[in-house]
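Since the structure comes first, as structure tokens, the remarks are kept for the end.
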Number of protein chains: 2
Amino acid sequence: MTEVTLKEVARASGCSVATVSRVLGGTRPVGPEIALRVKEAAERLGYRPNQVARALRSRSTGTIGLVLPQITNPFFPSLVREVEHALHAEGRALLLADCNDDPTTEAARITALLDRQVDALLVIPVDEKHSRDAVATAAARVPMVLLDRGCGTGVADLVATDNASGMALVLEHLAATGRRRVCFVGASGCDTAAVERLAAYEAGAASLDPEAPGRVELGDFSLEWGRAAVDRILPFRPDAVVCANDLIAVGALQRLRQLGVDVPGEIAVTGFDDIPMAGLADPALTTVRQPVRELAAEAAQLLGSRLAGQTDGPRRSVRLAPELVVRASSAPRAPSAQDAGSTPTPEEDQ
Amino acid sequence: MTEVTLKEVARASGCSVATVSRVLGGTRPVGPEIALRVKEAAERLGYRPNQVARALRSRSTGTIGLVLPQITNPFFPSLVREVEHALHAEGRALLLADCNDDPTTEAARITALLDRQVDALLVIPVDEKHSRDAVATAAARVPMVLLDRGCGTGVADLVATDNASGMALVLEHLAATGRRRVCFVGASGCDTAAVERLAAYEAGAASLDPEAPGRVELGDFSLEWGRAAVDRILPFRPDAVVCANDLIAVGALQRLRQLGVDVPGEIAVTGFDDIPMAGLADPALTTVRQPVRELAAEAAQLLGSRLAGQTDGPRRSVRLAPELVVRASSAPRAPSAQDAGSTPTPEEDQ
DNA sequence: ATTTTTCTGGAGAACGATTTCCCAGGCGTT
DNA sequence: AACGCCTGGGAAATCGTTCTCCAGAAAAAT
């Protein structure tokens, strides 16, 4: 019933532990008949190498830590899933830490994982500024890849979606479908997703309609904020509401429906992320799909190359292009001319 | 830059590694002045005990493995979150494994975690039958607690929601609000959640209306099935649709809305789990809230007691009572008498 | 035939902590 | 004063691997 160790396999096959280790690990050539005896004995006894002992000796646990703000954020589960699969495919395991959107616990989780001798860290930082210290000191000790969100510059490698081009896709789409008075509902948070999407919106919106830049409202990445923001932007009579993520957008949709506003007839609504809920909203939400699988694969590969010795190259920053998913919430307006009172756009009822 | 070890602390404080270990671990009393020297040196050097070495010696990694079917199933993230917090609160870490709803990869993940010397396993089994072998053999090696779903009897400890009483709450509620022709949309899967909820429905529905047992349709735990199932039960003109989980229910709501059926006016819809999406559906979904935090806490505590030596007691099975969350989707019908044709219930318009 | 290289296998030292065993004093008892 | 007990501390074994030496034999080169 007790654990089968190398020593027992050695005894059973009549040779030394060194030889057994060599046979099983393929480290050095071993005579064919002894190799066979060893393999048989190991098989027969059901030997499984003790990863802890192996880790102690080889100074590598084969474990990767993943620290994220909140697993309950609906964008993360699919990301976690892909990361887990990518890591398991190379024989590594995933230590998961949820830090409740709090930089302090984030720091605590990071040191806890370092104490456990993780080979590397994947971190989705909570806050661009407040996460920085913990991330930087940790990055000095193990390879670290930031995922989905950045954390200052030059602190660690980064794999993230190209928020700017995603937002540009949204604005082009809205422009192409005749929307002119666009508002933005974003988050005032200090994570890079919030910052970059806002910046990209402002850049794009300015070029879209220079003299009448859209109204910008900032709250947090929540459904409740989406609902509340609608009441604050409605007086500006927008014909499109660009939201910084899908949760906000779904909240906005709910409130608009409650107020009897026609979406997409009067107002188009767009999100960002393409969480599962987006396709199920009513109307289905036009959004920007993050390349989740590719993000995970890229992060895993980058991590792998850092672990394989490329530990001192320059910091890499990989941006993956997202994809626009057009759904009902931004469908072109039927020529109902219902909103002729506010901003008459003569070319729309040709 | 290199790792600070016990030996270095010993040298810096002028005593042996044994003494340092005793001071820091509090294993045995040590003279006050030496203890102080040691603590100062450890602090000054920034000593952090190497958990791998500690694990090898003490035969305990402080790591718990969690194996679940699919992290993307919207019920699981909150459960994972609570489990993670409960474990971290006692200084343990969580190794996460997602097995893609496949019993074969589930078995592979379990052995991978065992090879990593996890102290115990938390498993949400994919399938009551096909998961059994892997779970049973693993349970023979480490403490194991099944979470949310069972896996045969007597295989391992179990902490789960009392599905039967949850379903009973739903049926009582529907009966109390005057629903008579109830249909059930469930899952034909072999996990205990599906089985128990179906069984409880059949028991409760029979006692509710003995001569006209409701129609039962079985598919899987998905939104798509919820949509499809609506078309199959509508010919039976139900006034309530009980769904085995929230995903099915939300799918059903969508299809019913598409067909122009009034919910809850004509038909009430209920779900199970209370995933975040439930409160956001339109109409908001009446459902059964699983006590997620309590499930996690109970599982962690049970695991703790097993790890503390209670390894040979009888298998425990803990069932936690869920809570009915009444929302709009099952509101009592306004006395509009719109459905007078199907099942006239004279007492409802008093 | 002798020297050098290669090749195979074993003995044993790490890895970094915990823990057992042992020893040197200090104190109390007879 | 002698003996035993208790206390505080160090030396060393241990956990299960990996890996570096080292020794002997066989093969190759001189």
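Numbers restart at 1 for each chain; the letters A, B, ... are given by sequence-line order, proteins then strands.
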Quiz prompt | Gap between atoms CD and C1', on Glu3(B) and dA14(C) respectively (whole Å) | solution = 16 Å
Quiz item: What's the verdict on side-chain hydrogen bond (donor to acceptor under 3.5 Å, both in side chains) for Thr192(A) and Glu128(A), showing C-alpha distance, side-chain angles and the deciding distance?
Solution: CA-CA 6 Å; Thr192(A) 48; Glu128(A) 180 163 24; 5.7 Å; no
Quiz item: Atom NZ of Lys7(B) and atom P of dA11(D): how far apart are they, to the nearest Å?
Solution: 12 Å
Exercise. Indicate whether OP1 or OP2 belonging to dG10(D) is found under 4.0 Å from a side-chain N or O atom of Ser16(B).
Key: yes
Exercise. Send over the distance from Arg59(A) CZ to dA17(C) P, rounded to a whole Å.
Key: 10 Å
Quiz item: Side chains of Gln117(B) and Thr61(B): donor-acceptor distance under 3.5 Å anywhere?
Solution: no
Quiz item: Which nucleotide in the list dG9(D), dT17(D), dT19(C) gets nearest to the side chain of Ser21(B)?
Solution: dT19(C)
Quiz item: Do Thr161(B) and Gln290(B) pass the side-chain hydrogen bond (donor to acceptor under 3.5 Å, both in side chains) test, and can you show the C-alpha distance, the side-chain angles, and the key distance before you say yes or no?
Solution: CA-CA 6 Å; Thr161(B) 296; Gln290(B) 296 207 41; 2.5 Å; yes
Quiz item: Are any of the side-chain nitrogens in Arg319(B) or Glu298(B) under 4.0 Å away from the carboxylate oxygens of its partner?
Solution: no
Quiz item: Roughly how far apart are Leu79(A) CG and Ile71(B) CD1, rounded to 0.5 Å?
Solution: 11.5 Å
Quiz prompt | Distance-only donor-acceptor check, side chains Ser60(B) and Asp119(B), under 3.5 Å | solution = yes
Report all interatomic pairs (protein N or O, nucleotide N or O of nucleotides 20-22 of chain D) with separations under 3.5 Å.
none

Quiz item: Are OP1 or OP2 of dG9(D) and a side-chain N or O of Thr19(B) less than 4.0 angstrom apart?
Solution: no
Quiz item: Listed in order of residue number, which residues of residues 47-56 of chain A have a non-hydrogen atom at under 4.0 Å from DNA chain C?
Solution: Leu56(A)
Exercise. Could you check how far CD1 of Ile34(A) sits from P of dG9(C), rounded to whole Å?
Key: 4 Å
Practice problem: Scan Ser58(A) against the nucleic acid and name what it touches under 4.0 Å (heavy atoms): base, sugar-phosphate only, or nothing. | Solution: nothing
Quiz item: CG of Leu6(A) versus P of dC15(D): gap in Å, rounded?
Solution: 13 Å
Quiz prompt | Residue Arg11(B) excluded, over 12 heavy atoms near CZ under 6.0 Å | solution = no
Exercise. May I ask you to decide whether Glu84(B) forms a salt bridge with Arg109(A), counting only side-chain N to carboxylate O separations under 4.0 Å?
Key: yes
Quiz item: dA17(C) C1' sits how many Å from Gln117(A) CD, rounded?
Solution: 11 Å
Exercise. Flag the pair Asp157(A) and Arg316(A) as a salt bridge only when some basic side-chain nitrogen lies within less than 4.0 angstrom of an acidic carboxylate oxygen.
Key: no
